[in-house]
Amino acid sequence: MTRTSSGAALPKSYVPSDFEGEIYERWLAADVFAPDAAGATVDRAATPFVIIQPPPNITGSLHLGHAQRTAVEDLMIRHARMLGRPTLFLPGLDHASIAAQFVLDRIVAAEGESRESLGRERYLARMREFVETTREVMLAQQRRVGGSFDWGRLRFTMDEMSSHAVRVAFSRLYRDGLAYRTEALVNWCPGCRTSVSDLEVIPTPETGTLWSVRYHVLDPATGEPDPDRSITIATTRPETILGDTAVAVHPDDPRYRDLVGATVRIPFVERDVPVIADSIVDREFGTGALKITPAHDQADYDTGKRHGLAMITVLDDEARVTADGGAYAGLDRYEARARILTDLRARGDLVAERPHEMLIGRCQRSNDVIEPRLKTQWFIRTNPLAEAALEATRTGRTRILPPRFVKVWEHWLTNIRDWNVSRQLWWGHRIPAWYCPDGHASVSEHSGGPPACEVCGRPASELTQDPDIFDTWFSSGLWPFSTLGWPEDTPDYRRFYPTSVMETGHDILFFWVARMMMLGLHLTGREPFHTVYLSGLIRDAQGQRMSKTKGNVVDPLGAIDESGADALRFALIHGATPGVDQRFGTQKLENARNFANKLWNAARYVAGARPASIPVDAVRQHPNPARLGPAERWIASRTAAAVRAVDGSLGEFAFGEMTRILYDAIWSEYCDWGLELAKVRLADESLGPDEREATWWTLVDALDTYLRLLHPVMPFITEALWATIPHRADEPDLLIVARWPAAGERDSQVELEVGAIVELVRGIRNARAEAKIEPGARLPVDVAVPARLAATFAALSPAIERMARAMPLRVHPTSAALRKAAGSDGLAVISGDLEALVGTGTGAADGAARADVGRLEKELADAERFLAAARARLADKAFTSKAPPAVVEGARAREAELAETVARLRSRLRR
RNA sequence: GGGCGGUUAGCUCAGCUGGUCAGAGCGCCUCGCUUACACCGAGGAAGUCACAGGUUCGAGUCCUGUACCGCCCACCA
């Protein structure tokens, strides 16, 4: 592609859809997304900057959160690319096993089918068909957002590379003693028909009932219930009575001391179980006596283990009562509860009931009440892995931003429990474990399984593979290295691992980041990333979490269609503070769109303002320093200030701060004052072409710099506008691979001087507006200009005339001279050590005299108040002796300045 | 039951290592179609920085406590 000719006319209005798609195509055609971008200013020897994207769930479409993810990551990638580093931004998709099945279940249900009716093979085929369509939708969305992904390295957590990595990872963990299979209590979701991890159980507050139930104590002599002795337990889940294998009391509880060691009969199942003593019992709660159901409650399970109690499963996969439930067999758990309560009442053993506030564990996915059940499943031993992860953050090899999440991280990893990775689902990575008829387990990294049982040598033909699949986060946990070719020692893995930044939402710190860290450290021996950057979540305008069920999900494509991808990206980044959730509404999007429009028009002005002496296709020149006026030097200096500030904010990952700096610099400085000052000089026929050229090249320089600075945030519009300004011959064709700007020199003198004049113009405008003077009216203005500002003031006089509607503009050396020449009518403006009188001798301001006096009196009152405060401070010995000299100096200067202002205002008001 | 975060203009939020830090956007009010931009320009009003103490010469900015709001973790059945 050839260089776009500079000076190309820009369409009159900013319509993002006109160029965003085309620009993305140009980037793709130029092959600039790959680490060693073709024809770019990339230093191939430099340390690569790598972001492996958190793969979105392949369940449908992207939401605003994803767009924010991509925007922030792409910002970092583009910045690094412009710094000349090789960059890898690797895109991906997650198969999202349980989430995807949940979605597909609903789809097939609408088609009159079900998981069961289809069977495993057909269901999986249907799933592949489904994700094939969602995949295209999602990738298209990612492109619309503008992510500069290396599409050639697109990965999917279910592709062969990932599958291989999963098998090898698990085999290795197994051989290292970190994966084991055992029967344990797992969180069972009856709706999803699978176990889920602790993290997927959401404690939900609910008002339940606490029932007190009388159990009869057996007479040791007869072995039959003793009519005089009973023990009353409290329970919220009467249906689990069927699985009780003990009653527990506190060892120090005098009420029950005699009963410890006795036997009680569990109703309905007529099971005789012991009364045990265990300090886990809270004497204050309920009746102080606790029924123990080891197969259906975590605490009871632990208690059962301690006391060697039987564990009887009374609820099946669908949460129906099992055959062990006697007469209640086959009933749903809640029907069984109701029937049991009725029957207890009938027997007179339901002693009391009262409402009870409690937390019910519900399935994150289906919202079903989780049922703890005994299952033989695979677990990952997390303690040693967590130790290593903690070590990585404690030594600083990986840092977490914002830092306050470190505490959360520490707490979770220190109290971590083993991770149940078996899922009784179909869509996902099959657990690579095979069992022989004798129950020996063989784990193999070969997709076909082991050649023979590892324990007894039975041939492969007699082995059957575990029907379960892995928790989807197991494959996600390998993401930073499985995507790069691990376990093979590929060039990508060697070059790009460990990765640079892991940017993700703080809601999946445990689900994902912790697991990547644990698995990464163990399997690769290195921390998978240097920095964890946690973003806040996007909420709706009311602060509610976006969810499909609430129907408040904002489709990023809608926002892009309406305002452009750049506006969406800017809006998402602008209001964001790391780790803090963000409300998102249309006003933010509009504000961002307006900003883009502003930039568009500023660039349009610059293109149109090119002096005739410069050819359309001119090669870029820097302005001739000898021909620069104060306005030009001010623009350059303020631009340099912006570069520094942006660099500073980027270094701190303060992206919201970065956009704030650019918004102000571009809108409030470059456009409001820079362009306005320049207009005058560009139109000034009294100046030679050299001056006009210098001014224009100054505008081009600054615009060029701002476009570069803004490119990581608003890639499309900046790329489009950059093509319209002249470039140096050695520049690349595209901004995306152009160099990040170096901070130029600041000129504090000129910033001060031009700043003072800007303030004077503001003061004059203010006085005129307050006095309700016709805005268009040109009035004479007399100004007292101190010597130190004289040269700058003179140079900028034409601009002041235009911006302050001053005609004529007369300069006086001192305040006294001003009075003498101009008399005392007109509006007074006191701005620093500049003093002006507006409309002297015209009578234009006469009618406004009272308003003017009012304004001046208010100014005086303010100044006097500040002056009094400043003096009080300086009079305080404690302040002058203890505060740092620089601060005291500053206070003195401020006092002098205020005193001067007060004096001027007073003398003015006295007439 | 622990832990964390928040409480700053009507609304949404910035304010880093204490000393022009009282700010921005939107909204509101007054003007203005001055050929870059009405997706605009000029000007303006508006906050005892949740509350109470404390440290300090000096505190939205540090400490303690309180009150609300939100989040995370947690085996009182």
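Chain identifiers are assigned alphabetically (A, B, ...) following the order of the sequence lines, protein sequences preceding nucleic acid strands; residue numbering begins at 1 within each chain. Quick note: numbers below take in every heavy atom, side chains included, and nothing from hydrogens, waters or symmetry partners.
Within 4.0 Å of Glu562(A), counting heavy atoms only, lies no atom of the nucleic acid at all. His356(A) comes within 4.0 angstrom of the backbone, heavy atoms only, and of no base. Among the protein residues, Lys291(A) comes within range of no part of the nucleic acid, since none of its heavy atoms lies under 4.0 Å from any strand. Contact annotation for Arg593(A): base contact, defined as any heavy-atom pair under 4.0 Å involving a base atom. Among the heavy atoms of the strands lying under 4.0 Å from Pro884(A) is at least one base atom, whether or not backbone atoms are also near. Among the protein residues, Ile280(A) comes within range of the nucleic acid bases, having at least one heavy atom under 4.0 Å from a base atom. At the heavy-atom level, Lys598(A) lies under 4.0 Å from base atoms of the strands shown. At a threshold of 4.0 angstrom between heavy atoms, the contacts of Ala299(A) include nucleobase atoms, whether or not backbone atoms are also involved. Trp667(A) comes within 4.0 angstrom of the backbone, heavy atoms only, and of no base. Within the 4.0 angstrom heavy-atom criterion, no nucleotide atom of any strand lies near Leu210(A). Base engagement by Arg894(A) is indicated by at least one non-hydrogen atom pair under 4.0 Å involving a base atom. Note on Asp282(A): a base of the nucleic acid sits closer than 4.0 angstrom, heavy atoms only. When heavy atoms are screened at a 4.0 angstrom cut-off, Tyr663(A) is found touching the sugar-phosphate backbone but no base atom. At the heavy-atom level, Arg283(A) lies nowhere under 4.0 Å from the strands shown.
Side-chain atoms of Asp278(A) and Thr303(A) include no donor-acceptor pair closer than 3.5 Å. Between the side chains of Trp409(A) and Thr393(A), at least one donor N or O lies within less than 3.5 Å of an accepting N or O. Side-chain N/O atoms of His506(A) and Asp581(A) include a donor and acceptor closer than 3.5 Å. Between the side chains of Thr293(A) and Lys291(A), at least one donor-acceptor pair of N or O atoms lies under 3.5 Å.
First and last contacting nucleotides of RNA chain B toward chain A (any atom under 4.0 angstrom from a heavy atom, 5' to 3' order): C4(B) to A77(B).
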Starting from the C-alpha separation in whole Å, work towards a yes-or-no answer on side chain to side chain donor-acceptor pair (under 3.5 Å) for Glu200(A) and Ser197(A).
-> CA-CA 5 Å; Glu200(A) 288 157 288; Ser197(A) 72; 2.7 Å; yes

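Aromatic ring orientation, Trp600(A) versus Tyr14(A): tilted (interplanar angle from 30° to 60°).
In terms of position along RNA chain B, the nucleotide closest to Asn591(A) lies nearer the 5' end than the nucleotide closest to the other residue of the pair Gly286(A) and Asn591(A). Residue order along RNA chain B, read from the 5' end via each residue's closest nucleotide, puts Lys12(A) first among Lys12(A) and Ala234(A).
A cation-pi geometry, defined here as NZ or CZ lying under 6.0 Å from the six-membered ring centre and within 45° of its normal, does not hold between Arg593(A) and Phe570(A). With a 6.0 Å cutoff to the six-membered ring centre and a 45° limit on the axis angle, Lys679(A) counts as a cation-pi contact of Tyr605(A).
Although no hydrogens or angles enter the test, the distance criterion places a donor-acceptor pair under 3.5 Å between the side chain of Asn601(A) and the main chain of Asn597(A). Side-chain atoms of His356(A) do not come within 3.5 Å of backbone N or O of Gly208(A) as any donor-acceptor pair.
Comparing A46(B) with U56(B), their C1' atoms are spaced 32 Å from each other, to the whole Å.
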Which dot-bracket string fits RNA chain B when only Watson-Crick or G-U wobble pairs with both atom distances under 3.5 Å count, crossing pairs get [ ], and | stands for a partner on a different strand?
-> (((((((..((((.....[...)))).(((((.......))))).....(((((..]....))))))))))))....

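G18(B): glycosidic angle beyond 90° from 0, hence anti.
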